[in-house]
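The structure appears below as structure tokens.
Here is the naming used below: chain letters follow the sequence lines, and residue numbers restart at 1 for every chain.
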Amino acid sequence: MEKINFSTPSGFPEFLPGEKRLEQHLMDTIRRVYESYGFTPIETPAVERLEVLQAKGNQGDNIIYGLQPMLPPNRQAERDEAGKGDTGTEARALKFDQTVPLAAYIARHLNDLNFPFARYQMDLVFRGERAKDGRYRQFRQCDIDVVGRKELSLLYDAQMPAIIAEIFSQINVGEFLIRINNRKVLTGFFSSLGVSPDRIKTCINIIDTLEKVGVAKVLAALATQELSPEQAQQTIDFISIKGDVDRVLTALNEFAAKLNDADQFKLGIAELATVINGVRNLGVPESQYCIDLSIARGLDYYTGTVYETTLIGHEALGSICSGGRYEELVGTFIGESMPGVGISIGLTRLIYRLLKANILQPLAPTPTQVMVLNLQEDLMPIYLQVSQQLRQTGIKVATAFDKRSLKKQFALADKQGIIFCVVIGEEEAANKQCILKNMTSGEQVVVSIDNLAAEVKQRLA
RNA sequence: GCGAGCGUCGCCUAGUGGUUAUGGCAGAGGUUUGUGGUGCCUCCACUCGCGGGUUCGAAUCCCGUCGUUCGCCCCA
């Protein structure tokens, strides 16, 4: 008999109960914050037409998971025989993010939605990349986006860091830093230098590598992109601007004054200033955000504000939340200007890394708080009744249906981290009483069944 | 997509030409069944990803294949 390889395919994660419960707990927190800003949930399919997913820019060629119907081997053989292997079905693929599908969704439901349209989604997305250490082919992203018709206030851009800050504060992951930039600042800067539009993206990618490869290599790389040595040096000076947000904005304005044809650059700076001002007015502590001129990447469709978030002291973990403004994405489907701005928390990666770094721990493998043990089969009616009575007060209860030794039942409860066991035997039943045992302390008390729920609640508090 | 490595029980692991293929974890049962987290005992791979080859003999050597890991690239 042939062995079946039943391990998960590389890059497709699965969770043990305690890990999944942690994920749900985090999703609850995220959802609560998203909804507190008025974002609404929607659903889009996991699969879209390939042309939709590729509508804006080439998404790196290799990251989209294509989809094709698969027949059972015998039927496929028949079909191949008949020479009808390809029926010309249109190409479809799994979504690799939730922003492009959102754009299509808006185009489909234009008449049913109100604008600015603010939605959140916490779905699985798929990327056909090499899986490695916290990088998966299937992962959950918790997205929020706002899309406007014709125009969208920059205060929505300012709201994003406030939302991120609130979430990360609530889930208790330690210090974090939201790095904010604006793509117009970058593209404007290079276009002021006279770099042709098709080379600007390459230049941006080059400066992004500064921290990794050092100044010398960046200068050399810029030289290959039609930049004079002075311009290359100017570029280094530009992206080296650091400090608190006001200082950076001042420095940028000084820089702009020295450049010709700096309209785009100045527009970027003005947008950035508006966003930063909004973030400040929303009360986000200065220590939690900064302007970082080197962040630029993300997917092709970003045109304005961009964000990346890292954990302080765990920068190697990479960005755990990023996003930005895209002004031409939705419009590509309906030929109308519909700017949007959004962010995405890479929840799967976040959980994996926080667990590994011991910043978060899995929850108990079961939500069960009380286990009603099965001492005598004939007392089952009482067990069921007691269980229901507890549940009605909001306590999470499991009843032991299997007849096993008490020893086993206690061991099982213990192993699952269940806090209380309720034991009812003949004697207790006769007196309308039960034994309530705390599995952590080992302490056990006799209480009347009528008071059981109150007793449990008091001890859980 | 390119370069390098690895594949022994559910998980980790010993084993590098001849062993009934180690050991641990997890799991099942027991330790005289109304009390768990410790101890002790028993059980748990006719087989070393799969296919072929070399050999008297292969988990161990060779070829292929599949899977997987690490680097580059890209990103959450």
Q) Which is true for A:I435 with a 4.0 Å heavy-atom rule: it touches a base, it touches only sugar-phosphate, or it touches nothing? A) base
Q. Using a cut-off of less than 4.0 Å, is there contact between a side-chain N or O of A:K407 and OP1 or OP2 of B:G36?
A. yes
Q. How about A:F139 and A:F126: are their ring centres within less than 6.0 Å of each other?
A. no
Q | Heavy-atom donor-acceptor pair, A:Y105 side chain to A:T99 backbone, under 3.5 Å | A | no
Q.
When you measure from the side-chain N and O atoms of A:S10 to the phosphate of B:U69, is any distance below 4.0 Å, counting only OP1 and OP2?
A. yes
Q. For the side chain of A:K437 and the base of B:U35, is some donor closer than 3.5 Å to an acceptor across the two?
A. yes
Q.
Without decimals, in angstroms, what is the distance between A:L406 CG and B:G34 P?
A. 7 Å
Q: May I ask you to establish whether A:K184 and A:F189 are in a cation-pi arrangement, using a distance under 6.0 Å from NZ or CZ to the six-membered ring centre and at most 45° from the ring axis?
A: no
Q. Any donor-acceptor pair under 3.5 Å between the side chain of A:Q444 and the base of B:G34?
A. no
Q. Please give, in whole Å, the distance from B:C75 P to A:Y302 OH?
A. 11 Å
Q.
In terms of relative ring orientation, are A:F12 and A:Y65 parallel, tilted or perpendicular, with 30° and 60° separating the classes?
A. tilted
**Q.** Side-chain-base donor-acceptor pair under 3.5 Å for A:R127 and B:C74
**A.** no
**Q.** A:K415 vs B:G27: side-chain N/O to OP1/OP2 distance below 4.0 Å
**A.** yes
Q. Hey, does A:S344 reach any base, or is it just sugar-phosphate, or nothing, if we go heavy atoms under 4.0 Å?
A. nothing
Q) Using a cut-off of 4.0 Å on non-hydrogen atoms, how would the nucleic acid contact of A:R140 be classed: base, sugar-phosphate, or nothing? A) nothing
